[in-house]
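Following: one structure in structure tokens, then a few remarks.
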Protein chains: 2
Amino acid sequence: MLSHKAKYALKALLYLAQQDENHISRTIEIAEGANIPKKFLEQILLDLKRGRFVSSKQGKFGGYYLIRSKNDITLAEIHRLFDGAIALLPCASLNFYEPCSDCKTEEECSLRHGLMIIRDETLKAMQGITIASLVKK
Amino acid sequence: MLSHKAKYALKALLYLAQQDENHISRTIEIAEGANIPKKFLEQILLDLKRGRFVSSKQGKFGGYYLIRSKNDITLAEIHRLFDGAIALLPCASLNFYEPCSDCKTEEECSLRHGLMIIRDETLKAMQGITIASLVKK
DNA sequence: CCTAATTCCTAGTAAATCTATAGAATTTAC
DNA sequence: GTAAATTCTATAGATTTACTAGGAATTAGG
């Protein structure tokens with residue numbers, strides 16, 4: 001399941017993607033438009049900024065705006081930024097790999113192979129969902 | 001990500017699936033064989049029993065055994081039993097559906113459609129992974 | 001009936017994580 | 001200088017996770 005943070009991030013990106021080119025959105029505007037607690041959204045927007053999905057203009061008349069095309073921001077990326085690995089266990093993860101601590105023999109974890117299949121399928125599906133694809137629905 | 005509970009459940013089922021027909025496995029035997037904390041495993045085995053994946057014999061010389069074919073116990077079922085919904089949000093879930101509280105208009109949540117696509121793909125993949133498929137790897 | 005071995009049941013607990021909120025510092029436009 | 005905004009740091013409350021503890025109930029065998 002997605003965390004609220006990831007869900008709110010997606011909704012915020014969706015909001016930004018629906019604004020006019022060159023429009024800068026204030027946090028409060030996004031919060032009200034997408035029904036997200038404002039103070040919580042502040043943190044999320046900063047995370048999105050650190051992840052280079054959005055940029056910001058500070059000070060009066062400042063706000064946030066997309067710096068990547070809505071056509072290539074995928075659900076997979078947002079999941080990874082906020083909720084981490086897409087795989088079901090760290091030992092099956094591409095970006096968040098860690099060995100299992102409870103697999104005692106040196107051979108691979110018995111679950112790993114199957115979970116890598118799931119990961120590949122889920123990842124492929126998640127990479128097919130973009131912000132743009134969510135907007136035009 | 002899978003919880004430890006779900007991971008241990010899979011490993012326990014895997015262990016049971018590898019025993020001889022008619023063999024009854026004690027908790028301690030499974031715990032040591034699959035490297036799972038024993039007291040924690042007790043609870044998990046009870047959950048698996050309530051879910052009708054295994055049955056038990058009580059008292060001295062008692063233990064647990066599979067009551068479903070290892071060919072039709074799927075990862076999807078175990079995920080649902082221990083970790084709940086496979087969908088990324090409750091509003092996109094088949095078995096754990098709940099409406100979003102933060103989608104203000106009466107129209108559908110903007111994320112729902114995309115997340116249902118993911119759910120379908122993930123579910124299909126998870127239904128393809130059985131205990132038997134994990135054993136013969 | 002007694003004992004040992006096992007499942008079954010209910011609580012509790014420590015740590016982590018999640019979902020925010022608070023308040024002040026910084027930046028910018030005018 | 002002032003107002004309006006982002007940015008930063010801290011913290012609090014609730015929930016969840018991953019166990020652990022202790023004992024009741026059940027069963028086999030002597």
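Letters A, B, ... mirror the listed sequences (proteins, then strands); counts begin at 1.
Ion pairing of B:Glu77 with B:Arg68 is present here, as a side-chain N (NZ or NE/NH1/NH2) and a carboxylate O approach within less than 4.0 Å.
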Query raised in the report: Are A:Ile131 and A:Leu75 close enough, and set up right, to give a side chain to side chain contact (heavy atoms under 4.5 Å, CB included), and what steps lead you there?
Result: CA-CA 8 Å; A:Ile131 297 300; A:Leu75 177 53; over 6 Å; no
**Report entry** Residue pair B:Asn71, B:Thr130: steps toward the side chain to side chain donor-acceptor pair (under 3.5 Å) verdict
**Finding:** CA-CA 6 Å; B:Asn71 292 299; B:Thr130 64; 5.2 Å; no
Report task. Test side chain to side chain donor-acceptor pair (under 3.5 Å) on A:Glu29 and A:His23 and set out the steps. Result -> CA-CA 12 Å; A:Glu29 176 191 333; A:His23 178 69; 3.0 Å; yes
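Rounding to the nearest 0.5 Å gives a distance of 12.0 Å between CZ of A:Arg112 and CD1 of A:Ile117.
Using a 4.0 Å heavy-atom criterion, one finds that A:Lys49 contacts the sugar-phosphate atoms exclusively.
Taking atom CG on A:Asp47 and atom P on D:dT6, their separation rounds to 15 Å, with Å as the unit. Per the geometry, OH belonging to A:Tyr64 stands 13 Å off P belonging to C:dT28, to the nearest Å.
Nearest approach of A:Ser110 to B:Leu134, heavy atoms of both residues: O-CD2, 3.9 Å. Of all non-hydrogen atoms in B:Ala17 and B:Lys70, the two that sit nearest each other are O-NZ, 3.7 Å.
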Report summary line: With sugar-phosphate taken as primed atoms, P, OP1 and OP2 and all else as base, the protein-contact string of nucleotides 18-23 of chain C at under 4.0 Å (heavy atoms; B, S, -) is -SBBBB
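At a threshold of 4.5 Å between non-hydrogen side-chain atoms, the residues B:Ser56 and B:Tyr64 count as touching. Considering only heavy atoms from C-beta on, B:Met126 comes within 4.5 Å of B:Ile86 through its side chain.
Distances shown here put every side-chain N or O of A:Tyr65 at or beyond 4.0 Å from the OP1 or OP2 atom of D:dT6.
Residues from residues 18-30 of chain A with heavy atoms under 4.0 angstrom of DNA chain C: there are none.
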Sub-3.5 Å pairs of nitrogen or oxygen atoms, protein against nucleotides 26-30 of chain D:
| from | atom 1 | to | atom 2 | distance (Å) |
| --- | --- | --- | --- | --- |
| D:dT27 | O2 | B:Lys60 | N | 3.2 |

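Between A:Leu123 and the choices A:Ile118, A:Leu94, A:Asn95, the side chain to side chain contact (heavy atoms under 4.5 Å, CB included) rule is met once, by A:Leu94.
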